[in-house]
Amino acid sequence: TILILDFGSQYSHLITRRIRESGVYCEMLPCTQKISDLHFNPKGIILSGSPYSVYDQDAPRVDPAVFKLGVPILGICYGLQEIAWNHNGSIVPCDCREYGHALLSILKNQDHLLMNKLFENLEGDIQVWMSHGDQLDKLPADFRVIGKTSTSPYAAIAHEEKQIFGIQFHPEVTHTPLGKEILRNFVIGICRAQANWTMESFIDKEIARIRQIVGPNGQVVGAVSGGVDSTVAAKLMKEAIGNRFHAILVDNGVMRLNECETVKKQLGDHLGINLRVVQVSDLFLNRLKGITDPEKKRKIIGNTFIEVFEAEAAKIDQETKEGNHGEIQYLLQGTLYPDVIESISFKGPSATIKTHHNVGGLLENMKLKLIEPLRELFKDEVRELGKVLGLDEELIWRHPFPGPGIAIRILGEVTPEQVAIARAADHIYIEEIKKAGLYRKIAQAYAALLPVKAVGVMGDKRTYEQVIALRAVETSDFMTADWYPFPYDVLKHISNRIINEIKGVNRVVYDISSKPPATIEW
Ligand code: XMP
């Protein structure tokens, strides 16, 4: 394992990403991590960048014990400065903040061969990405320069005996095209870490960990939605503890067309997960009566969900008491690594994980502890894991679907009639996107039902009916998004089908707003 100590740079998680791409397992911990408290022996340590300056009053500091461990160390940007600061180097503010592309001249040293290893197989000038306000202006004792740019004379430095390296640029971003090679040189060539991190090894390790946490009789509950994260997490639990994991699917009446049936087939029949479906559409739709405000809808659905989920878990607890099982002590959650990273910030005690895709209230009410088997993975790794665990391609690539479902895609009151229209339109839309081979090119697509009526003509008759708005976006992080440039003939075909096949709709519009300032959901 390679240890990455995070000083809060916006790029820190990319270091983890790039190293894992080389098949080497690494973990990122806050920079304040005490070395004596580590639960593993790192083969090497990377110090990340940071928005701070090493001379700031409240600058984050590394445990000096890292320099006594005797394992290779690589400091990136602030990490380089932190190394220098710990070795009596001198750091000064740059005349002007350096941000953007730069050319790094690699300097090889004939007398000190070990330190050439960071740039092994690289020669001459390479393109790198800089983003810093401070830089080194005096080398610490026994360090040598192994790379420079026109503005940074000490852009890369190394200590031969101690195997400590510092680089001012960011190898983890794609703007440093050979950055991945440099990181690989460090973790494999210098730290001698093994490139043996595969999904199969992850599964074995995680199953063992779950079994140890849950114990031989412990039970776990978890909500599933049919999305890739909750399904992969559920399948992993099933592999670890079999039927002592109870998956609960709450049919809230605002899922997509046939969705409940599909999830039952996929998770229950195909993946063999111990699944309970709670059919409570009427309860949800009753509570949504007369509500038009989207935030109120979200609250009602969230609270009702918690109520239903708790009741079902209590039932399971009761039913399994007769068997030899212990109480339910854990709640499964499909939290991914980017959420964990946000919450391990060194600024104060760890912030809570984003609440909007969690069922936060459950934890407090039910006195459950969280179990998060995907907390080390990125989304694309979860997809890969899903493949190894036998999930269907269709499920693996499913667009995200919000918890409050089509209730927030029906603008205005949510009635069974409106649900039927919105569902039918969404179904046609997604079906046609798939037929056109565009589903995987689009990050998220859905049809919204607008609370307005428009005039139309059908046959010889005037109509006065509702409007469907189509939304499709391209995005990688869902924080910003662009509308998808559909070929006209695909849009034309979708529009024809929706208007012809769905009673009550006489007009289809396409949403051409990007996020920001619009959001993905209406
Ligand atoms: P926005 O609309 O904020 O959406 O641009 C960003 C992503 O979040 C999803 N989303 C939700 N997911 N409960 C959820 O579980 C919600 O209340 C909710 N609102 C938005 C949205 O579908 C998109 O993927």
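Remember, it's 1-based here, ligands and their atoms both numbered in the order they're listed. Computation of the quantities below employed the complete heavy-atom set of this structure, encompassing side-chain atoms and omitting hydrogens, waters and symmetry-equivalent molecules.
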Next item on the list: Considering the heavy atoms of Thr519, write down every atom of ligand 1 situated less than 4.0 Å from one of them.
Entry: 1 (P), 2 (O), 5 (O)

Notebook entry, point to check: Has Lys434 got more than 12 heavy atoms of other residues, nucleotides or ligands less than 6.0 Å from its NZ?
Noted result: yes

Next item on the list: Compare Phe401, Trp522, Tyr446, Phe478 and give the one whose heavy atom is closest to atom 7 (C) of ligand 1.
Entry: Phe478

Notebook entry, point to check: Going by the order shown, which atoms of ligand 1 are within less than 4.0 Å of some heavy atom of Lys515?
Noted result: 1 (P), 3 (O), 5 (O), 6 (C)

Check: Do Pro402 and Gln444 have side-chain heavy atoms sitting under 4.5 Å apart?
Finding: yes

Margin query: Using a 4.0 Å cutoff against the non-hydrogen atoms of Gly403, which atoms of ligand 1 qualify?
Written below: 13 (N), 14 (C), 15 (O)

Next item on the list: Identify which of Arg409, Arg298, Lys297 has a heavy atom lying nearest to atom 18 (C) of ligand 1.
Entry: Arg298

Item checked: Distance in Å, Thr304 OG1 paired with Leu288 CG, rounded so as to fall on 0.5 Å steps -> 7.5 Å

Item checked: Those atoms of ligand 1 less than 4.0 Å from some heavy atom in Pro404 -> 13 (N), 14 (C), 16 (C), 17 (O)

Notebook entry, point to check: With under 30° as parallel and over 60° as perpendicular, where do the rings of His13 and Phe378 fit, or are they tilted in between?
Noted result: tilted

Next item on the list: Could you pull out, from Lys299, Arg471, Gln444, the option with a heavy atom nearest to atom 23 (C) of ligand 1?
Entry: Gln444

Item checked: Short N or O distance, Glu521 and ligand 1, threshold 3.5 Å exclusive -> yes

Note to self: Testing the 3.5 Å rule here: is there a donor-acceptor pair between the side chains of Gln266 and Thr231?
What the structure shows: no

Notebook entry, point to check: Just wondering, are more than 12 heavy atoms of other shown residues or ligands nearer than 6.0 Å to NZ in Lys387?
Noted result: no

